[in-house]
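Below you'll find the structure, written out as structure tokens, and then a few comments.
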Amino acid sequence: MNILSNHSYVSNLCCRSVNHVQRYFSNVSRLKVLFFGTDSFSLPSLRIIHKNVIDNGRVQSLEVVTSFKASKNPVKQYSLVNKIPVHDWVDFKQSADISFDLGVVVSFGHLIPEAIINTFDRGMLNVHASLLPKLRGAAPIVHAIANGEQHTGITIMRIKPKHFDVGEILLQSSVDIPRDILMPQLHDQLAQTGATCLIQCIEDIESYYEKLVKQNDSMATYAPKIDAKFAEIRWNGTDAIGIYNLYRSLYGFRPLNTSFAGEVVKIFEMSFNHDQNPAARSTMKRSGFIEYSKVLKSLFVHCSDGRLLEIIKLSIGGKKILTGRDFHNGFLSKVDPSKRFFN
């Protein structure tokens, strides 16, 4: 069963903007919220809840749990600047004295113990960057782009103990993935959409709880944590668009890896012309073959489908970042044409 098509009320409702909320609730209790988050994806959700408190919205009070070990933690910094009580996860999880109505988890990275989940009368909500049950796991944005998906989205779900990303769905909103968008751009768009959807659910949580949608586990796919091997280019087994999608998915997070003449090569920037036609198979060069165009002053690599990727910035042997022209002049031109391959 397709959740988006069979339960229309959970699809694309977040496109409605959440205006300034300046009212007190006479027949609905206001909520004491405890927010769990750590990184830049968490920050828009924290900001929108904080604004709801300031505007006398549904949220009466707000406190934050984060990891003090995380370097450059924007959630901790925002909390301190805005005088929001903030707790270190290491110390907080040992405490049994929790008196909040609702828990909110956004890109926190830790499994919340059942004992803590059970302390919240209104349960715990999670903002997840995919259309669950698709792409459960730690890196849904990266995997969505790498898989060549044309759309992804946000899911607001109720957290269940002992497992990530399996709880009932309150709300979903679909987001398109343009063919050239880079991971940081999609990340920021989804973070903002997630914040808007989250506050919409908090404002009317009773109504959303009455319409919970159970996930269909048989339709689940997974987005596990990214490791170094994920960034390795497989020239023989991947076409040009597949490599380009991998590059887009990891942009700003880690460079793609390959090798040349026994040295490790890291690719930091590339481009792909979607309008090019594959070369004729009879004249196509082997996957990974590198050539330099003196006319265009550009470095190109041949892929398994005959199409070319332009390599714009790269490094070799752990040294400084080079342009394609620098790489040609310093390395490629000094190697026999029969050995001009990325492997």
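All heavy atoms count here, side chains included; hydrogens, waters and symmetry mates do not. Numbers here simply count residues along the sequence, with the first being 1.
Placement of V59 and Y209 within a single hydrophobic cluster is found when ILVMFWY residues are connected by side-chain heavy-atom separations under 4.5 Å, directly or transitively. Y247 and F342 fall within a single hydrophobic cluster, where Ile, Leu, Val, Met, Phe, Trp and Tyr side chains are chained together by heavy-atom contacts under 4.5 Å. A single hydrophobic cluster is not seen to contain both F164 and M157; linkage of ILVMFWY side chains at heavy-atom distances under 4.5 Å, directly or through other members, places them apart. The hydrophobic clustering, which links ILVMFWY residues whose side-chain heavy atoms are closer than 4.5 Å, places Y222 and I154 apart. Criterion: ILVMFWY side-chain heavy atoms under 4.5 Å apart, direct or through other members. Under it, L308 and L256 are not part of a common hydrophobic cluster.
Separation of atoms CD1 (I156) and SG (C201) is listed at 5.0 Å; rounding is to 0.5 Å. The distance from atom CD1 of I112 to atom CG of N118, rounded to the nearest 0.5 Å, is 12.5 Å. We find the CD-CD1 distance between Q185 and I145 to be 9.0 Å, quoted to the nearest 0.5 Å. For the atom pair CG (L198) and CG (L46), the distance works out to 10.5 Å, reported to the nearest 0.5 Å.
Salt bridge annotation for E168-K214: absent, with no cationic side-chain nitrogen under 4.0 angstrom from a carboxylate oxygen. Classification of E149 and K134 as a salt-bridged pair holds, one side-chain N sitting under 4.0 Å from a carboxylate O. Taking a cutoff of 4.0 Å between a charged side-chain nitrogen and a carboxylate oxygen, E206 and R58 qualify as a salt bridge.
A cation-pi geometry, defined here as NZ or CZ lying under 6.0 Å from the six-membered ring centre and within 45° of its normal, does not hold between R325 and Y292. With F341 as the aromatic partner, R286 meets the cation-pi criteria of under 6.0 angstrom to the ring centre and within 45 degrees of the ring axis.
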Side chain to side chain contact (heavy atoms under 4.5 Å, CB included) between K266 and F268, worked out: CA-CA 6 Å; K266 295 182 179 181; F268 294 89; 3.8 Å; yes

Criterion ring pair (Phe, Tyr, Trp, His ring centres under 6.0 Å) on H143 and F230, from CA distance to verdict: CA-CA 10 Å; H143 284 276; F230 189 84; 5.2 Å; yes

Verdict with reasoning, S107 to S42, per side chain to side chain contact (heavy atoms under 4.5 Å, CB included): CA-CA 6 Å; S107 194; S42 311; 3.6 Å; yes

Test side chain to side chain donor-acceptor pair (under 3.5 Å) applied to W235 and S304, step by step: CA-CA 7 Å; W235 296 105; S304 62; over 6 Å; no

Intermediate values then yes/no, side chain to side chain contact (heavy atoms under 4.5 Å, CB included), M183 and F253: CA-CA 9 Å; M183 187 272 288; F253 178 59; 3.8 Å; yes

Derivation and outcome, side chain to side chain contact (heavy atoms under 4.5 Å, CB included), residues T152 and L190: CA-CA 9 Å; T152 184; L190 287 167; 4.1 Å; yes

Ring pair (Phe, Tyr, Trp, His ring centres under 6.0 Å) between Y244 and H274, intermediate numbers included: CA-CA 10 Å; Y244 180 62; H274 295 271; 5.7 Å; yes

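Shown are L125, I48, L170, N52; of these, the side-chain contact (heavy atoms from CB on, under 4.5 Å) with I202 is made only by L125. For the pairing with R136, the side-chain hydrogen bond (donor to acceptor under 3.5 Å, both in side chains) check across D217, T155, D165 returns one residue only, D217. When each of F36, F92, F35, F68 is paired with H87, the ring pair (Phe, Tyr, Trp, His ring centres under 6.0 Å) condition holds for F92 and for no other.
Closest approach of R122 and S29 over heavy atoms only: NH2-OG, 2.8 Å. When all heavy atoms are compared, the tightest approach of P255 to A231 is O-CB, 3.6 Å. Here the closest heavy-atom approach between residue K160 and residue G167 is recorded as CG-CA, 4.0 Å. Taking every heavy atom of both residues into account, L299 and G324 meet most closely at CB-CA, 3.8 Å. When all heavy atoms are compared, the tightest approach of A240 to F272 is CB-CE1, 3.7 Å.
Here the side chain of S333 pairs a donor or acceptor atom with the backbone of H328 at under 3.5 angstrom. No side-chain donor-acceptor contact under 3.5 Å links D101 to the backbone of D121. At distances below 3.5 Å, not a single donor-acceptor pair connects side-chain atoms of Q150 with backbone N or O atoms of D176. Checking side-chain atoms of S207 against main-chain N and O of D204 turns up no donor-acceptor pair under 3.5 Å. In terms of modelled atom types and a separation under 3.5 Å, the side chain of D39 and the main chain of F41 share a donor-acceptor contact.
Counting non-hydrogen atoms of neighbouring residues, nucleotides and ligands closer than 6.0 angstrom, the CD atom of E232 exceeds 12 such neighbours.
At least one side-chain heavy atom of V175 sits less than 4.5 Å from a side-chain heavy atom of L186.
Under 3.5 Å, the side chains of N73 and T66 contain a donor-acceptor pair of N or O atoms.
Residues that satisfy the side-chain hydrogen bond (donor to acceptor under 3.5 Å, both in side chains) test with N257, not counting sequence neighbours, are absent from this structure.
Residues F260 and F327 bring their aromatic ring centres within 6.0 Å.
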